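Below is one structure. I have some questions about it.
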Amino acid sequence: MAHFAKSPVPRFSAEVYQNPYLPEGGREVHAVVTVTATGGGTTGGRPVPAGAGLPDAGVVIMVDCSGSMAHPPAKLRGAREATAAALDAVRDGVGFAVVAGTHRAVEVYPGDGRLAVADAQTRARAGEALRALGAGGGTAIGSWLRLTERLLSSTGAGIRHAILLTDGRNEHESPQELRAALDACQGSFTCDARGVGTDWEVKEVTGIASALLGTADIVADPAGLAADFTRMMETAMGKEVADVGLRLWTPLGAETVFVKQVAPTVADLTGRRRESGPRSGDYPTGSWGDESRDYHLCVRVPAARVGEEMLAARVSLIISGPDGAPAGPSPQPLSQALVRAVWTDDVTASTSINPQVAHYTGQAELAQAIQQGLDARKSGDTDGATAKLGRAVQLAGSSGNEETAKLLAKVVDVVDAATGTVRLKATVAEADEMTLETRSTKTVRVKK
């Protein structure tokens, strides 16, 4: 079992990449902010009272046990083995539970409305409970999420994480019920979502992961579940700082156009803003371990004359309040960085695009082109699909996104990558198309 060293103080750094120069009257300022975390306390900066007996982290695994998981039997067998493998990676002292999901949610272990504390005995008991899992019933993922939220809220753990596995569509509750469950769970825990096989809905699974600041992926072959679950749990055990918010302050007269995470995946955070003070808003980023992420922000500032300069935005990393609520107007920032605007009549300076900004603008367009191309293909729009997927091939090649280029090559025949000239393949394996769609938001970083 993996063990993770802890550092008592979170350490973050933020670095801004931008071209600050605008032409006279120019208003839009773009910047990429690279945020790097080098560890921290597992309570996310909120101390747990000595002797409270509370775990430093809590995890819940949601296993689809609907009737379709029995066809073929390898799916449910793989899910049981994967869950047991993930529990083996849970650190001693971490709270955990297993939920069986059908048209309702049932606690498989420990079953008393709370989390068990991980040790050799509780893992063994959980393994025994997993062997009794059977398949039957429907699928109502919102109920699984709500039970998970109750279980994780029962502990004072700083890091609260879940893993969700499904093999089918959410057919036994309305989209509105699932959306309401996601809204209720936002800020309470993060969630990685996985689809096994090819009978599930990509937008449903990726939507769950996006709403709960987790990852989404396909595991086409159930034999790959155990390795994937182990990796996810090891990553979760490496998280050391909970509920980090990206705070954006803008001066009077300025407005935020968008805030997007652009690496390691594209995720639009603009609509997740919570006001935190005069001209200040917080954007949730979830839990952090030793890692680095990139954020692309665009701010619209008041127009100014040549020679003038202003602070366009101040970016701070802060610990959010409970359930992702703003931490108040004046928390001690973990790190901060400044975005500038300088007006010039130097045409070369004002028309130059920062390499990081250009790269991630292309990566966001790549993700969008793949989604639009696949949607067009499904609707029978051959010309639209060819144009969009051709553009995606061009962007993947020019940015060095080799993994996405390989996935695209399973859906289209590439005639000329540089110009984006492609032909749609006559037949495409469903797993290949779903893999491309699920992984379309994965990006590569700028080559330094």
Side-chain angles (χ1 to χ4, degrees), residues 59-87 97-109 129-148 162-175 177-179 181-182 185 191-212 214-233 374 378 407 428-440:
V59 294
V60 174
I61 301 176
M62 292 168 272
V63 183
D64 190 335
C65 292
S66 60
S68 58
M69 284 292 286
H71 308 289
K75 276 199 287 191
L76 186 59
R77 182 169 64 249
R80 284 195 297 256
E81 293 171 354
T83 303
L87 293 179
V98 180
V99 168
T102 59
H103 51 281
R104 61 193 185 101
V106 177
E107 295 175 57
V108 174
Y109 185 84
L130 285 170
R131 284 191 285 274
L133 282 183
T139 305
I141 295 174
S143 68
W144 313 355
L145 294 168
R146 287 185 183 275
L147 175 56
T148 295
I163 293 173
L164 183 150
L165 175 71
T166 185
D167 81 322
R169 293 170 175 83
N170 196 47
E171 295 175 336
H172 290 80
E173 64 184 6
S174 68
E177 287 174 305
L178 176 57
R179 182 70 254 173
L182 288 169
C185 294
C191 181
D192 292 326
R194 294 293 185 268
V196 60
T198 57
D199 293 329
W200 48 281
E201 179 61 47
V202 172
K203 286 181 173 59
E204 214 164 60
V205 170
T206 56
I208 291 167
S210 176
L212 301 179
T215 65
D217 207 349
I218 179 175
V219 185
D221 184 349
L225 281 173
D228 187 57
F229 268 43
T230 300
R231 283 192 299 269
M232 279 192 289
M233 190 60 77
L374 291 177
K378 290 173 187 175
L407 295 175
V428 177
E430 191 170 15
D432 289 336
E433 184 175 359
M434 291 177 71
T435 301
L436 174 61
E437 185 176 3
T438 306
R439 298 179 184 172
S440 62

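One is the number of the first residue; the rest follow in order along the sequence. None of the values given here were measured: they were computed from a predicted structure.
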TODO: Would you name the heavy atoms of A140 and H103 that are closest together and state the gap between them?
DONE: CB-O, 3.6 Å

- [ ] Heavy atoms only: give me the nearest M232-D192 pair and the separation to one decimal.
- [x] SD-CB, 3.4 Å

Task: Minimal non-hydrogen separation, L145 against C185, with atom names - done: O-SG, 3.6 Å

Open item on the list: Let me confirm one number: the CD-CD distance from E204 to E171, rounded to the nearest 0.5 Å.
Closed with: 8.5 Å

- [ ] For residues Y109 and L130, determine if any side-chain heavy atom of one lies less than 4.5 Å from a side-chain heavy atom of the other.
- [x] no

Task: Side chains of W200 and M434 in contact at under 4.5 Å (non-hydrogen atoms) - done: yes

TODO: Taking the side chain as every heavy atom from C-beta outward, state whether T206 and T438 have any atom pair closer than 4.5 Å.
DONE: yes

- [ ] Would you give the length of the straight line joining atom NE2 of H71 to atom CG of L76, rounded to the nearest 0.5 angstrom?
- [x] 11.0 Å

Task: Distance-minimising heavy-atom pair for R439 and I218 - done: NH2-O, 3.8 Å

- [ ] Give a yes or no on whether R104 atom CZ has more than 12 heavy-atom contacts from other residues, nucleotides or ligands under 6.0 Å away.
- [x] no

Task: Interatomic distance, L178 atom CG to N170 atom CG [nearest 0.5 angstrom] - done: 5.0 Å

Task: Passing candidate, side-chain hydrogen bond (donor to acceptor under 3.5 Å, both in side chains) with R194, options D217, T215, T166 - done: T215

Open item on the list: Please evaluate residues E433 and L374 with respect to the criterion side chain to side chain contact (heavy atoms under 4.5 Å, CB included), reporting the C-alpha separation (whole Å), side-chain torsions for both, the decisive distance (0.1 Å), and the verdict.
Closed with: CA-CA 8 Å; E433 184 175 359; L374 291 177; 3.9 Å; yes

Open item on the list: On a heavy-atom basis, which atom in L133 and which in R80 lie closest, and how many Å separate them?
Closed with: O-NH1, 3.0 Å

TODO: Test side chain to side chain contact (heavy atoms under 4.5 Å, CB included) on D64 and W144 and set out the steps.
DONE: CA-CA 9 Å; D64 190 335; W144 313 355; 3.6 Å; yes

TODO: Please lay out, stage by stage, how V98 and L87 fare under the test side chain to side chain contact (heavy atoms under 4.5 Å, CB included).
DONE: CA-CA 9 Å; V98 180; L87 293 179; 4.2 Å; yes

Open item on the list: Please give me the minimum heavy-atom distance between C65 and A100, naming the atom from each residue.
Closed with: SG-CB, 3.8 Å

- [ ] Could you give me the CA-CA distance, side-chain angles and deciding distance for K378 and E437, then say whether salt bridge (charged side-chain N to carboxylate O under 4.0 Å, His left out) is met?
- [x] CA-CA 12 Å; K378 290 173 187 175; E437 185 176 3; 2.9 Å; yes

Open item on the list: Working to the nearest 0.5 angstrom, can you tell me the gap between L225 CG and T83 OG1?
Closed with: 8.5 Å

- [ ] Would you check if S68 and D199 make a side-chain contact, meaning some heavy-atom pair closer than 4.5 Å?
- [x] no

TODO: Before giving the answer on side chain to side chain contact (heavy atoms under 4.5 Å, CB included), spell out for V63 and V99 the whole-Å C-alpha distance, their side-chain angles and the decisive distance to 0.1 Å.
DONE: CA-CA 6 Å; V63 183; V99 168; over 6 Å; no

